[in-house]
S.K.: 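The following block contains the structure, expressed as structure tokens.
Side chains included, hydrogens not; waters and symmetry mates left out as well; all remaining heavy atoms used. Quick note: residue numbers are just sequence positions, from 1.
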Amino acid sequence: MTDAIRIHAADNVATALADLAADSLVAVGAQRLTVAEPILRGHKLALAPIARGASVIKYGFPIGTATADIGVGAHVHSHNLATALTGRDDYVYAPPLAAPPLTPPAHGFMGYTRADGRVGTRNEIWILPTVGCVGNLAARVARIAGARHAGRVDGIQAFKHPFGCSQLGDDLGHTRGLLAALAQHPNAGGVLIVGLGCESNQLTALLDTIPASRRGHIRTLSAQAVDDDEAACLMLVDELVEACAETPRTPTPLSALTLGVKCGGSDGLSGLTANPLVGRMADAVAAADGKVILTEIPEIFGAEQLLMDRAVSHDVFDRTAQLVQDFKAYFTRNGEPVSENPSPGNIAGGITTLEEKSLGAVQKGGQVPLVDVQRYGGEAALPGLTLLEAPGNDAVSSTALTAAGATIILFTTGRGTPLGFPAPTLKIASNHELAARKTGWIDFDAGMVIGDGFDAASDALLDLIVATASGQPTKAEANDERDIAIWKSGVTL
């Protein structure tokens, strides 16, 4: 078995596939070399001498600059490698080369077709509080109604959050827009929006942001306006269940799927196994004329040109560049460097610089043409890849993916997390050890890529996606891990 892997022929580092002992002889393809010091799985070792100030190359691209001379077989990490990112870059547009056509898979799924033609993978009742003050009321109503209507719908979920009061301007707009987008999601056969009455995020203003054609399945209640708010909420939920409980699942082509792709708690193997595997799923869905959504803008810094090179027009290129630059300005405006990443868990798992993390992360978008750019709270409307504005935070970005229309989220991880979100979220481990140790969290072991290859892993994961879209619960759903988080970007009164 190969001990470490060189991803691209131009790379001067390889990634350890298992813990490597000092003085051990290891194989990297046809090369044999002696390990100079202990190197953990997922971490990098030098394949050639790298001089101080020279670029360290992985994925065929620079991932930073050597801060010391590095010998063959040495550990390459935070002690001798630093980011080369700056606060602003100049991007160059070139019309994309014609990509070879992808063969759409024959797969379809059993979905719920809504009145506007969109297709859900779940038929649930969602309770959305406009403000944190009524979050516990929403949760209590969901528990009672869930027991009352067990088996009639796929679930009754309340999505609590602490916002909606004492917010101003764009910050209030973020909260309102995000909740309005969730209220229109095709996985919700019925939605109850519960307000308090005196909050900044007023019910009427929120409803005004939702097209009239998408309000038929929505009910609202102001808790201050009724004597028994719990009973009033339950009556409205009963009404919503009666209206959608008989909605059948019907055969649906893969083109009806909207796939959100996300990574969290990544390690040094994420960019070798789980992320490129998810990229193949993105290619499959897009080849069928489905939609794919990529977000986490700070986690494409250093690799953004790769996405821009796939922009289908100069307009999409310009909007991508503007989104990335706006996010970098957001960092610098708040006194933070744009390279304030990776996280401690990423570093422990072998990722050293943001360039390295980003080059692994963008692989989740496969080779899908970049067709659109949406700001936070926007909806993916076009077949192909949409780039969505949101930070890297797992809960915030995954909520934004759902609000943008993702009906399934593929979430890759090398370290593991129990979190789940409104859309069914499949956790995909980058390595065997995590998948075996956290069976209650992990839905799929992408570590099989190393032994069985991408084709076998792709077939297995696509089968799981279809089963999940057709109703098979994810581990997060089985654990009742269903949460939202809203991007707080302004002052609080």
Side-chain angles (χ1 to χ4, degrees), residues 112-116 118 120-165 175-176 178-249 399 402-403 421-423 471 473 477 480 482-484 486:
Y112 295 103
T113 302
R114 303 304 182 190
D116 62 1
R118 294 179 304 157
T121 60
R122 297 292 182 268
N123 188 38
E124 298 181 325
I125 305 297
W126 288 1
I127 306 175
L128 303 175
T130 63
V131 65
C133 309
V134 289
N136 287 329
L137 167 64
R140 189 164 66 250
V141 169
R143 285 195 302 271
I144 296 169
R148 179 184 295 180
H149 298 291
R152 300 195 64 198
V153 289
D154 291 336
I156 299 176
Q157 298 290 331
F159 295 113
K160 295 169 56 177
H161 62 88
F163 302 127
C165 189
T175 297
R176 180 179 292 143
L178 195 283
L179 293 173
L182 289 173
Q184 301 171 63
H185 197 279
N187 282 10
V191 174
L192 172 60
I193 306 176
V194 183
L196 179 60
C198 57
E199 65 271 26
S200 303
N201 188 26
Q202 286 286 296
L203 273 171
T204 52
L206 192 157
L207 278 176
D208 284 345
T209 67
I210 300 174
S213 61
R214 288 190 177 180
R215 296 185 199 168
H217 69 301
I218 298 173
R219 303 292 182 271
T220 63
L221 181 128
S222 176
Q224 290 174 343
V226 297
D227 293 336
D228 190 336
D229 46 84
E230 181 181 298
C233 286
L234 286 166
M235 185 168 62
L236 290 172
V237 172
D238 291 346
E239 180 183 318
L240 291 168
V241 171
E242 290 300 324
C244 73
E246 301 304 318
T247 305
R249 284 190 182 271
T399 302
T402 306
F421 309 101
E477 288 177 301
D480 199 26
R482 303 287 296 281
D483 291 290
I484 66 170
I486 299 172

S.K.: OG1 of Thr399 to NE2 of His161: how many Å apart, nearest 0.5 Å?
M.R.: 11.0 Å
S.K.: If you round to the nearest 0.5 Å, how far is CZ of Arg152 from SG of Cys244?
M.R.: 9.0 Å
S.K.: Counting C-beta onward and ignoring hydrogens, is there a side-chain heavy-atom pair between Glu230 and Ile144 closer than 4.5 Å?
M.R.: yes
S.K.: Check this for me: does any side-chain nitrogen of one of Arg143 and Asp480 sit under 4.0 Å from a carboxylate oxygen of the other?
M.R.: no
S.K.: With a 4.5 Å limit on heavy-atom distance, are the side chains of Val241 and Ile125 in contact?
M.R.: yes
S.K.: Can you find a heavy atom in the side chain of Arg482 that is under 4.5 Å from one in the side chain of Glu124?
M.R.: yes
S.K.: Please examine the side chains of Gln157 and Ile127, heavy atoms only from C-beta on, and report whether any two atoms are closer than 4.5 Å.
M.R.: no
S.K.: Kindly give the heavy-atom pair with the smallest separation between Ala183 and Ile210, and that separation in Å.
M.R.: CB-CD1, 4.0 Å
S.K.: Would you call Leu192 and Leu128 a side-chain contact if the rule is heavy atoms closer than 4.5 Å?
M.R.: no
S.K.: By salt bridge (charged side-chain N to carboxylate O under 4.0 Å, His left out), which residues pair with Asp483, not counting sequence neighbours?
M.R.: none
S.K.: State whether Arg114 and Asp116 are salt-bridged, where the test is any N-O pair (Lys NZ or Arg NE/NH1/NH2 against Asp/Glu carboxylate O) under 4.0 Å.
M.R.: no
S.K.: When you measure from the side chain of Asp229 to the backbone N and O of Ala223, does any donor-acceptor pair fall under 3.5 Å?
M.R.: no
S.K.: As an exercise, state the distance from CG of Leu178 to CZ of Phe163, rounded to the nearest 0.5 Å.
M.R.: 10.5 Å
S.K.: Going from SG on Cys198 to CD on Gln224, what distance comes out if it is rounded to the nearest 0.5 angstrom?
M.R.: 4.0 Å
S.K.: So do the side chains of Asp238 and Arg148 get within less than 4.5 Å of each other, counting heavy atoms only?
M.R.: yes
S.K.: Does Asp154 reach the main-chain N or O of Arg122 with its side chain, forming a donor-acceptor pair under 3.5 Å?
M.R.: no
S.K.: Which pair of non-hydrogen atoms, one from Gly195 and one from Leu203, has the smallest distance, and what is that distance?
M.R.: N-CD1, 4.1 Å
S.K.: Would Asn187 and Thr121 count as having a side-chain donor-acceptor pair, cut-off 3.5 Å?
M.R.: yes
S.K.: Could you note down all residue pairs passing ring-ring contact (aromatic ring centres under 6.0 Å, His included) where residues 178-225 supplies at least one of them, sequence neighbours left out?
M.R.: Trp126-His185
S.K.: Can you find a pair of side-chain heavy atoms, one from Arg118 and one from Arg214, that are under 4.5 Å apart?
M.R.: yes
S.K.: So which heavy atom on Val153 is nearest to which on Ala245, and how close?
M.R.: CG1-CA, 4.1 Å
S.K.: Identify, with sequence neighbours excluded, every residue that meets salt bridge (charged side-chain N to carboxylate O under 4.0 Å, His left out) alongside Arg219.
M.R.: Glu239
S.K.: Among Ile486, Thr209, Asp208, whose side chain to side chain contact (heavy atoms under 4.5 Å, CB included) with Arg176 holds?
M.R.: Thr209
S.K.: If I take atom CD1 from residue Ile218 and atom CG from residue Leu240, how far apart are they, to the nearest 0.5 angstrom?
M.R.: 9.5 Å
S.K.: To the nearest 0.5 Å, what is the distance between CG on Leu207 and CD on Gln202?
M.R.: 11.0 Å
S.K.: Do you know the tightest heavy-atom contact between Val141 and Cys233?
M.R.: CG2-CB, 3.6 Å
S.K.: Over all heavy atoms of both residues, which pair between Ser222 and Gly197 is shortest? Give the atoms and the distance, please.
M.R.: OG-CA, 3.5 Å
S.K.: Taking the side chain as everything from C-beta on, heavy atoms only, tell me whether Ile193 gets closer than 4.5 Å to Pro129.
M.R.: no
S.K.: Can you see which heavy atom on Gly164 is nearest to which on Val131, and at what distance?
M.R.: C-CG2, 3.8 Å
S.K.: Determine, stepwise, if the pair Leu179 / Asn201 fulfils side-chain contact (heavy atoms from CB on, under 4.5 Å).
M.R.: CA-CA 10 Å; Leu179 293 173; Asn201 188 26; 3.6 Å; yes
